[in-house]
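A quick write-up on the structure given underneath.
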Amino acid sequence: MTGKCVWFEGIPFPSLDYSPELLREVQESFLVKDKDVLLLTFPKSGTNWLIETVCLIYSKGDPKWVQSEPIWDRSPWVETKHGYELLKEKEGPRLISSHLPIQLFPKSFFKSKAKMIYLIRNPRDVLVSGYFFWRSAKFVKRPQSLEQYFEWFVEGNVVFGSWFDHARGWMSMRDKENFLILSYEEMKWDMRSTVEKICQFLGKKLEPEELNSVLKNSSFQAMKENSMSNYSLLKGQYFEENGQLLRKGVTGDWRNYFTVAQAETFDKLFQEKMADLPQDLFLWK
Ligand code: A3P
């Protein structure tokens, strides 16, 4: 996958909209403000679902905003050229998305009171989701088979680097009061409680009908039909026609793709890399 990538500090980035110079500037000079809310993920963890949900919480369930402005402009990616320029111009409290590993994140964040949500997903499902997604992308070296992508993923040879390093890095923040860890699995299993948890963390209050509207408009079906959120606007330039962001939207799909040997390799690796972290962080287990 990294054949077409841009590299910065040993981490590969997609070839479009990223550059080492900008990544350095983002890290050194981007000013995170106390009122900003940051949405952090490893790619394919449900990032866009989280963004859509938080946007809907901000609009009190009114879908007008999510249906009229592209998702990457509502919560721009700080590490991309497009997002960085947009964020510099934005007045007031901002929503900011990022896939950056902790060591490359804007330094100003660590001295700020800005709130961050880190969304984690079973890395096996992240792997399968990534395989199908990157297969249709025009800005990375595409995987030719799941077997090949499996190798790349376990070696950390994929965009934004090793899932294990990414998750470990950000989880070191877990005891900070401006940091909330969520999982894709809890969103799937109990979205109502998850939205309440996000509201509490962000100091937002929703009436029952507003909460219902957040749930309805952030559902898989609603997002799949929303051209401002389903990446259909990027087809042609960034993705092939058959590419889709909202593929299945389920937990445990890896079971349909991993061989017994791959499942064992992955278990062993997970054990090696993550055994010393509190295991209740990994809800899928
Ligand atoms: P699958 O490929 O397993 O279907 P990201 O936004 O980080 O790129 O993650 C994409 C994954 O999140 C895809 O997983 C996609 O289907 C899933 N997803 C996006 N919106 C969702 C929603 N509203 N409900 C459930 N899953 C969603």
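What you see is a predicted model; the values in this text were computed from it and never measured. Remember, it's 1-based here, ligands and their atoms both numbered in the order they're listed.
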Does ligand 1 have any atom sitting under 4.0 Å from a heavy atom of L246? yes

Which residue owns the protein heavy atom closest to atom 12 (O) of ligand 1, what's the atom, and how far is it? G46 CA, 3.6 Å

Examine D125 against ligand 1 and note whether any of their N/O atoms are separated by less than 3.5 Å. no

Does ligand 1 have a heavy atom under 4.0 Å from the side chain of R121, from its backbone, from both, or from neither? side chain

Determine whether H99 and W77 satisfy the following criterion, ring-ring contact (aromatic ring centres under 6.0 Å, His included), listing intermediate values before the conclusion. CA-CA 8 Å; H99 289 317; W77 301 89; 4.6 Å; yes

Which atoms of ligand 1 sit under 4.0 Å from any heavy atom of M223? 20 (N), 23 (N)

Taking distance alone, with no angle check, do H99 and ligand 1 share an N/O pair under 3.5 Å? no

Hey, does G249 come in under 3.5 Å of ligand 1, counting only N/O atoms on both sides? yes

Do we see a donor-acceptor contact under 3.5 Å between the side chains of W189 and E185? no

What is the closest protein heavy atom to atom 7 (O) of ligand 1, and at what distance does it sit? T47 OG1, 2.4 Å

Best match, F133, Y184, Y131, F42: closest heavy atom to atom 26 (N) of ligand 1: Y184

Honestly, for K44 the part within reach of ligand 1 (heavy atoms, under 4.0 Å) is both

Treat each ILVMFWY residue as a node, draw an edge where side-chain heavy atoms are under 4.5 Å apart, and state whether L39 and I181 are in one component. yes

Check this for me, if you would: do R168 and D276 make a salt bridge, where the nitrogen-to-carboxylate-oxygen distance has to be below 4.0 angstrom? yes

the protein heavy atom lying closest to atom 1 (P) of ligand 1 turns out to be S129 OG, 3.5 Å

Test: R135 cationic atom under 6.0 Å from Y149 six-membered ring centre, within 45° of axis: no

For the residue pair Y231 and W72, is the inter-centroid distance of their aromatic rings smaller than 6.0 Å? yes

Going by the 4.0 angstrom heavy-atom rule, the piece of S45 near ligand 1 is backbone

Which ligand 1 atoms, with their elements, are less than 4.0 angstrom from a heavy-atom of S219? 23 (N)

With L206 as reference, evaluate L56, V195, N212 under the side chain to side chain contact (heavy atoms under 4.5 Å, CB included) test and give the passing residue. V195

Pair S213-N217, side-chain donor/acceptor within less than 3.5 Å: yes

Find all atoms of ligand 1 within a distance of less than 4.0 Å from any non-hydrogen atom belonging to N48, and give their numbers and elements. 5 (P), 6 (O), 8 (O)

Heavy atom of D253, distance to ligand 1 below 4.0 Å: no

Any chance the side chains of S218 and E52 put a donor and an acceptor closer than 3.5 Å? no

Pick one of side chain, backbone, both or neither for how L245 approaches ligand 1, counting any non-hydrogen atom pair under 4.0 Å. both

I need the atoms of ligand 1 closer than 4.0 Å to a non-hydrogen atom of S218, numbered in the order shown. 23 (N)

How about Q221 and E225: does a side-chain donor come under 3.5 Å of a side-chain acceptor? yes

Does the Lys NZ or Arg CZ of K204 fall within the cation-pi geometry relative to Y58 - under 6.0 Å from the ring centre and within 45° of the axis? yes

Under the criterion ring-ring contact (aromatic ring centres under 6.0 Å, His included), I'd like the reasoning laid out for Y184 against W49: C-alpha separation, chi angles, the key distance, then a yes or no. CA-CA 9 Å; Y184 180 92; W49 189 13; 5.3 Å; yes

Can you tell which part of A222 has a heavy atom less than 4.0 Å from ligand 1: side chain, backbone, both or neither? neither

Using heavy atoms and a threshold below 4.0 Å, how should the contact between F132 and ligand 1 be classified: side chain, backbone, both, or neither? neither

